[in-house]
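See structure below.
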Amino acid sequence: MRLASRSNISLTKPGIASEPRAINPQYDMNRIPIERAKLRASSKYILTADISLFYPSLYTHSIPWAIHSKEESKLNRSDDLIGNLLDKLVRNAQDGQTHGIPIGPDTSLLIAEIILGSVDEIIMLNVPLNGYRYIDDYELGFKTRSEAELVLAIMQETLNQYELSLNPKKTCILDLPVPLETPWVSSLRSFPFKGGNNPKTQEYDLLRFFDLAFQLSAEYPGGTVLRYAIARTNGINIKEENWLLFQNLLAQCCIIEPGVLSKVITQLARYKEIFDPSNDIFYRCFNYIITIHAPLGHGSEVAWAIWCLILLEINLSEDAVKFVAKMEDAIVALLALDAENKGLITNESELEEYAKFINSQELYGPNWLLAYEANIKGWLQPAGVQDYVHGDEGFKFLKEQGVSFYDNSLTIDSIVGRPVTDQDAKRFPPSGSY
């Protein structure tokens, strides 16, 4: 049996922890520049490699291959092999599909490390490796280009055994020197906030900083720049005079890149005890995101926008509700029903469309989460119809055990992020004192 822990280059070996997830990688991404500097101190050439669509293309049958070897797994297809059992459980969680695993759950990190740990081990049986892997991104160092080319060939051949392939756009051999980190990271990290206790100087700093972030975001598309920029503002305390400006800048980030919504809501949570979020700004911002992305079927963007509106206790616009009601997305539907239950939707009749998913047949379809959760929350229950969840032995058991997959009790106080405390508040002199 192969063990993923045998990889001596992985920075993302799983470890049990209580925060922020049940299972965390050994190191976070802040470790990469340190490992990169160490690697380049003894290398002339760098092989950077990325696996193409790793999670979506991962073949579930490769789980037992990685643990037991392909030969043993094919000889013994029973659940007696832990790898076969894991393969079966993963497939059962996604309608029997054998290609792709969910992105996000803690278990996905475990599966990734099982498979890529085995890949690392096979490569190291052929050649020694100097470098690191962070999930599916490799950076390896070599003395000569020919050594790098040899390992690249072995790596692709090994990945082929697991029905994986390298992304040609993100895989290359670099001749040092090259920057240790992407230039935009250095630009934002080293930006000098000089405001101190002067609101006008801080205003100028904020405008210059976000101008730089917007410029870099256009040069390096993908959303990472703005997420980093918003997180960077954790190092400053916004003055009362600049609170409205800061919110407008955050809203602009959301419109440009909805992937920053989690970072934005964290900032609003930090200041909750001192400043109230502007309902007007974020009503327009989040509802705009819904109306733009819902017709395109962008469930993630819509779900985040609705959740932010719920946390801020801001209504969904009538237009937003109409677009949401037309989406067939269980997560979006649950959030909309939660918003309705909390009195944040005025045109409730639009959500009557969800009633078609409230039956026993849907418990085993793509909208099973909606069919189950709406029932146990009491949000949707066909009049005069027997409890369809109670009529199914499997889901009845979950219901009787109080199992729920959606927590509708969360508030903005539940958001992870260091709040601005009373001590911080003392650093905000009263308006007009300058």
Side-chain angles (χ1 to χ4, degrees), residues 11 27-37 40 46 48-50 103 134-139 167-172 174-196 200-239 242-271 281-282 284-286 288-289 292-293 298 300-301 304-305 308 417-418:
L11 299 181
Y27 297 105
D28 61 25
M29 296 189 72
N30 292 329
R31 180 75 181 187
I32 292 179
I34 298 171
E35 293 296 323
R36 188 171 286 158
R40 297 181 185 188
I46 297 295
T48 65
D50 171 84
I103 300 173
Y134 196 92
I135 303 181
D136 65 326
D137 291 319
Y138 287 83
E139 187 159 322
N167 183 342
K169 294 182 178 179
K170 295 183 179 180
T171 300
C172 61
L174 303 173
D175 189 348
L176 293 177
V178 292
L180 286 171
E181 59 186 5
T182 309
W184 66 259
V185 175
S186 299
S187 298
L188 294 177
R189 178 186 290 140
S190 62
F191 183 89
F193 283 98
K194 302 176 182 178
K200 289 302 295 181
T201 305
Q202 185 183 77
E203 175 188 311
Y204 179 63
D205 285 346
L206 287 171
L207 290 171
R208 286 196 309 120
F209 177 73
F210 277 97
D211 272 347
L212 174 62
F214 295 143
Q215 176 187 336
L216 293 171
S217 178
E219 295 176 14
Y220 301 92
T224 307
V225 172
L226 293 183
R227 284 196 293 272
Y228 182 92
I230 295 170
R232 172 77 169 79
T233 62
N234 284 334
I236 62 173
N237 290 316
I238 303 300
K239 305 298 181 187
N242 296 320
W243 178 234
L244 189 61
L245 169 64
F246 185 56
Q247 292 178 94
N248 277 313
L249 292 169
L250 293 178
Q252 185 176 348
C253 291
C254 293
I255 299 299
I256 296 170
E257 175 47 63
V260 306
L261 285 168
S262 62
K263 297 293 184 184
V264 168
I265 203 70
T266 298
Q267 289 299 323
L268 299 179
R270 286 186 66 223
Y271 290 92
I281 290 174
F282 293 108
R284 288 184 283 108
C285 173
F286 297 145
Y288 175 78
I289 290 172
I292 292 298
H293 290 276
H298 295 170
S300 177
E301 289 82 352
W304 273 105
C308 288
R418 186 192 71 82

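What you are looking at is a predicted structure, and each value in this text was computed from that prediction instead of being measured. Residue numbers count from 1 along this sequence.
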Report the distance from atom CG of L268 to atom CH2 of W243, rounding to the nearest 0.5 Å. 5.0 Å
Minimum heavy-atom separation for L174 to C172, with atom names? CD2-SG, 3.6 Å
Where A229 and L188 come nearest, the two heavy atoms and their spacing: CB-CD1, 4.1 Å
Exercise: identify the closest heavy-atom pair between C254 and L261: SG-CD2, 3.5 Å
Nearest heavy-atom contact between C285 and I255 is O-CD1, 3.8 Å
Side-chain heavy atoms of I256 within contact of Q252, under 4.5 Å: yes
Selection residues 182-196 - residue pairs positive for salt bridge (charged side-chain N to carboxylate O under 4.0 Å, His left out), sequence neighbours left out: E181-R189
Mind checking ring-ring contact (aromatic ring centres under 6.0 Å, His included) for F193 and listing every partner two or more places apart, or none if nothing turns up? F191, F209
Would you call T233 and I238 a side-chain contact if the rule is heavy atoms closer than 4.5 Å? no
Assign the ring pair H298 / H293 to parallel, tilted or perpendicular, where the plane angle (0 to 90°) is split at 30° and 60°. tilted
Any non-hydrogen side-chain atom of Q202 less than 4.5 Å from a side-chain atom of N237? no
Side chains of L249 and L206: closer than 4.5 Å at any heavy-atom pair? yes
Partner set under salt bridge (charged side-chain N to carboxylate O under 4.0 Å, His left out) for E301, not counting sequence neighbours: none
In R31, R36, K170, the residue satisfying salt bridge (charged side-chain N to carboxylate O under 4.0 Å, His left out) with E139 is R36
What closest approach, in Å, do A213 and V225 show between heavy atoms, and which atom pair accounts for it? O-CG1, 3.6 Å
Distance col, row Q247:CD vs F282:CZ, nearest 0.5 angstrom, shows 5.0 Å
Quick one: OG1 on T48 to CG on D50, what's the gap to the nearest 0.5 Å? 9.0 Å
Rounded to the nearest 0.5 Å, how far apart are CG of N242 and OG1 of T201? 9.5 Å
Donor-acceptor under 3.5 Å (N234 side chain, A231 main chain): yes
Just wondering, do Y27 and I34 contact through their side chains at under 4.5 Å, heavy atoms? no
Does some side-chain heavy atom of C308 sit less than 4.5 Å from a side-chain heavy atom of V264? no
With a sphere of 6.0 Å drawn around OH of Y288, does it hold more than 12 non-hydrogen atoms of other residues, nucleotides or ligands? no
N/O donor-acceptor pair under 3.5 Å between R284 side chain and A251 backbone: no
Any side-chain heavy atom of Q267 within less than 4.5 Å of one from F246? yes
Any carboxylate oxygen within less than 4.0 angstrom of a Lys/Arg side-chain nitrogen, looking at K263 and E257? no
What is the minimum heavy-atom distance between I230 and C253, and which atoms define it? CD1-CB, 3.9 Å
Are W184 and T224 close enough that some pair of their side-chain heavy atoms sits under 4.5 Å apart? yes
Atom pair OH/CG of Y204 and L207 - distance to nearest 0.5 Å: 9.5 Å
